[in-house]
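Remarks on the structure that follows.
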Number of protein chains: 2
Amino acid sequence: MAKKAAQVPFIQSLDRGLTILQAVAMSKHPVNLGELAELLDVDRSSAFRLAQTLRRRGFLSTPAGRKDYILGSAIWTLSRQYDWSKMLVRVAHQELKDLAGGLNETAHLAVREGKNALFIDSVHARRVIAVAGQTGELVPLHATAHGKALLADFDDEELKDTFGSSLQKFTKTTITSFPALLKECQSIRQRGYATDEAEYMEGMRCIAAPIRLHDGSIVGSIGISAPATRFLKEHYAAHSKRVVQCAKKIGERLSITEETSDEEE
Amino acid sequence: MAKKAAQVPFIQSLDRGLTILQAVAMSKHPVNLGELAELLDVDRSSAFRLAQTLRRRGFLSTPAGRKDYILGSAIWTLSRQYDWSKMLVRVAHQELKDLAGGLNETAHLAVREGKNALFIDSVHARRVIAVAGQTGELVPLHATAHGKALLADFDDEELKDTFGSSLQKFTKTTITSFPALLKECQSIRQRGYATDEAEYMEGMRCIAAPIRLHDGSIVGSIGISAPATRFLKEHYAAHSKRVVQCAKKIGERLSITEETSDEEE
DNA sequence: TGCGATATTGCACTATACGCAATATACTTC
DNA sequence: GAAGTATATTGCGTATAGTGCAATATCGCA
């Protein structure tokens with residue numbers, strides 16, 4: 001019943017190496033030997049040899065001349081190989097299904113892609129009127145719930161960097177001024193979810209919440225959408241709660257490091 | 001004199017773990033135990049324990065139900081922490097300096113950022129007339145040498161995904177049709193470098209080459225720009241050669257896994 | 001120039017990671 | 001559905017790989 005812990009033994013030195021990697025990635029500053037040794041509670045020499053191995057493999061690097069460590073290009077190369085949206089889809093798909101099923105509406109998963117939100121997965125409930133926004137579709141960041149959820153942490157400067165001079169208008173409710181968008185971001189952070197009051201497509205309502213890693217960074221968004229005729233204002237309270245919950249659960253799953261999981265389909 | 005090899009011993013199991021990570025990242029398909037064991041030339045059981053350690057730490061993951069391995073979310077989380085453009089800057093800065101010094105013009109380093117190219121580093125030669133495009137500036141992908149270098153591998157679909165409906169016109173030479181842009185990409189792949197014939201700013205010429213990792217993927221671009229009055233057509237041959245060479249060298253450095261380096265500043 | 005902190009190397013000991021062989025599980029094939 | 005083959009997983013004794021200690025080298029600062 002209790003957690004039967006590590007039946008398969010950890011490979012100690014590999015485990016330590018990975019710990020170093022994560023510590024270095026996390027740290028805002030280059031990390032020196034002492035800190036690593038302390039972190040692992042091993043002798044400086046051991047930490048040294050571990051770090052050297054990582055460095056020779058390109059997973060760590062030493063800023064010109066210095067002796068302390070930062071992440072190396074190997075990790076970059078690694079992460080580029082992989083289609084990360086698949087990762088998100090994998091982790092989030094069950095939640096998406098539950099959400100769509102529970103509310104009997106269409107649920108979407110999106111990531112940021114430049115100026116747009118990209119839908120990378122969706123689950124449709126059994127409804128007569130299907131909703132727009134298929135997987136693969138790009139929609140503007142500033143005019144959709146998903147988009148705004150992805151923007152939630154942006155400040156004035158970042159917004160301007162992203163959008164350049166102006167915000168395109170799609171419907172009469174589209175937000176077209178930077179101050180208004182900034183304020184909207186603020187309130188999304190506050191509430192934990194974003195809404196779309198027909199700001200992109202007439203007659204469409206949508207709620208979306210940012211998916212955050214444990215460090216707070218936003219990596220995607222999850223939400224539901226439906227025609228305004230069906231998705232009424234009085235649904236907001238209940239629906240948003242569920243959406244936010246979903247986002248939170250996904251975020252936690254992404255951040256999990258030690259998997260206890262033995263999930264069967 | 002000869003390469004004095006690894007004086008600091010490799011931590012074997014860490015090294016093996018990293019090899020697994022890279023192999024899995026590289027592979028298009030999930031990787032199973034047998035392949036890992038063969039790759040490392042160790043017993044299945046050893047490979048198993050290494051892989052399990054990676055999995056428990058979230059660096060590997062097993063697709064629902066399956067037994068074989070794909071990359072896990074930990075790497076994603078890792079790579080998100082880090083400002084990768086800094087990595088590129090670090091690796092490329094010396095080359096940039098050499099390039100600017102050698103040709104006595106301004107050299108830039110850029111990465112793709114959505115619809116734009118973002119200048120992340122630049123070195124100015126000692127010239128009276130400074131050139132536009134400071135670090136931090138965003139310029140359109142389809143109308144600049146750097147931008148087009150970054151687009152070189154895009155196909156028709158990817159171009160349309162990126163730009164949406166239309167290509168903004170900046171000068172009379174700006175490419176504004178998708179077929180033309182696609183053709184331009186093709187010729188950039190062929191030649192290895194992109195040019196900008198005052199397509200964004202009047203009177204400006206620019207040459208840029210894509211920086212590719214060993215697997216061919218484009219991660220940035222490097223190039224030089226100058227007023228057309230100074231940067232003449234007859235310079236193209238010589239300059240482009242140098243720029244392409246630079247890009248190649250940077251790409252190699254980024255892909256390097258085993259560092260022999262002992263560079264002193 | 002010397003002192004304190006840090007990084008690096010050599011060496012001896014033992015815990016660790018290894019291969020082997022046994023077992024369990026998944027997947028064909030008849 | 002049984003037998004067979006490929007794969008994953010566990011247990012265990014042993015050799016080696018990784019450790020800490022201590023010596024040395026390098027750096028930074030006064």
Side-chain angles (χ1 to χ4, degrees), chain A residues 3-21 23-24 27 29-57 59-70 259-265, chain B residues 3-21 23-24 27 29-57 59-70 259-265:
Chain A
K3 48 174 74 177
K4 31 186 183 168
Q7 303 186 313
V8 178
F10 269 77
I11 301 298
Q12 190 181 64
S13 42
L14 173 54
D15 193 54
R16 286 176 172 166
L18 299 179
T19 304
I20 289 180
L21 237 36
V24 172
S27 163
H29 317 282
V31 182
N32 64 19
L33 252 194
E35 302 176 74
L36 293 179
E38 186 178 19
L39 169 75
L40 297 174
D41 191 30
V42 296
D43 192 82
R44 289 178 108 82
S45 61
S46 298
F48 176 67
R49 286 179 281 241
L50 289 166
Q52 285 303 312
T53 301
L54 288 166
R55 195 177 71 87
R56 290 221 224 112
R57 288 301 229 99
F59 284 77
L60 290 182
S61 174
T62 51
R66 321 280 294 332
K67 299 294 189 79
D68 35 23
Y69 301 94
I70 59 177
E259 287 200 44
T260 324
S261 70
D262 284 71
E263 11 183 10
E264 308 292 79
E265 184 63 356
Chain B
K3 51 174 71 177
K4 32 187 181 165
Q7 302 185 312
V8 178
F10 268 77
I11 301 297
Q12 190 181 66
S13 43
L14 173 54
D15 193 54
R16 286 176 172 165
L18 299 179
T19 305
I20 289 180
L21 236 36
V24 172
S27 163
H29 316 283
V31 182
N32 64 20
L33 253 194
E35 301 176 75
L36 293 179
E38 186 176 21
L39 170 74
L40 297 174
D41 191 31
V42 295
D43 191 82
R44 289 178 109 82
S45 61
S46 299
F48 176 67
R49 285 180 280 242
L50 289 167
Q52 286 302 314
T53 301
L54 288 166
R55 197 177 70 86
R56 291 223 223 111
R57 288 299 230 101
F59 284 78
L60 289 182
S61 173
T62 52
R66 320 280 291 338
K67 300 292 190 83
D68 34 23
Y69 301 94
I70 58 177
E259 287 200 44
T260 324
S261 69
D262 284 71
E263 9 184 9
E264 309 292 80
E265 183 65 353

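Reminder, nothing fancy here: chain letters follow the sequence lines and each chain counts from 1. Everything numeric here is computed off the predicted structure, so don't read it as measured data.
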Legend entry - Nucleotide D:dG28, atom C1' - distance to CG of A:D68 in whole Å: 14 Å
Legend entry - Separation of D:dA8 C1' from B:R55 CZ (nearest whole Å): 12 Å
Legend entry - D:dT19 OP1/OP2 closer than 4.0 Å to side-chain N/O of A:R16: yes
Legend entry - Test item: B:S13 side-chain N/O and A:I11 main-chain N/O as donor-acceptor pair under 3.5 Å: no
Inset, instruction - Grab the CG-P distance between A:L36 and D:dG20 for me, whole Å please. - result: 14 Å
Legend entry - Between B:R49 and B:S45, a side-chain donor and acceptor under 3.5 Å: yes
Inset, instruction - Would you indicate whether the side-chain heavy atoms of B:D15 and A:R57 approach each other to under 4.5 Å? - result: yes
Legend entry - Contact nearer the 5' end of DNA chain C, comparing A:I11 with A:V31: A:V31
Legend entry - Sorted by number, the residues of residues 37-48 of chain B with heavy-atom contact under 4.0 Å to DNA chain D: B:R44, B:S45, B:F48
Inset, instruction - Write down the distance between CD (A:Q12) and P (C:dT14), rounded to a whole number of angstrom. - result: 16 Å
Legend entry - Non-hydrogen atoms of B:L50 and A:L14 that approach each other most closely: O-CD2, 3.7 Å
Inset, instruction - Would you mind telling me which of D:dA8, D:dT9, C:dT8 lies closest to the side-chain atoms of B:Y69? - result: D:dT9
Inset, instruction - Return the value, rounded to whole Å, for the distance between atom NZ of B:K67 and atom P of D:dA6. - result: 17 Å
Legend entry - Donor-acceptor pair (no angle test) under 3.5 Å: B:R49 side chain, C:dG19 base: yes
Inset, instruction - Rounded to the nearest angstrom, tell me the gap between atom CG in B:L50 and atom C1' in D:dT10. - result: 16 Å
Legend entry - Student check: side-chain heavy atoms of A:L60 and A:I20 closer than 4.5 Å: yes
Inset, instruction - Would you kindly give the CZ-to-C1' distance between B:R66 and D:dT7, to the nearest whole Å? - result: 13 Å
Legend entry - A:Y69: which of A:E35, A:Q52, A:R55 passes side-chain hydrogen bond (donor to acceptor under 3.5 Å, both in side chains): A:Q52
Inset, instruction - Could you tell me the separation between the CG atom of A:D15 and the P atom of D:dG18, rounded to a whole number of Å? - result: 14 Å
Inset, instruction - Ignoring backbone atoms, establish whether B:S13 has a side-chain N or O less than 4.0 Å from OP1 or OP2 of D:dG18. - result: yes
Legend entry - Heavy-atom closest pair, residues B:A47 and B:V42: N-CG2, 4.0 Å
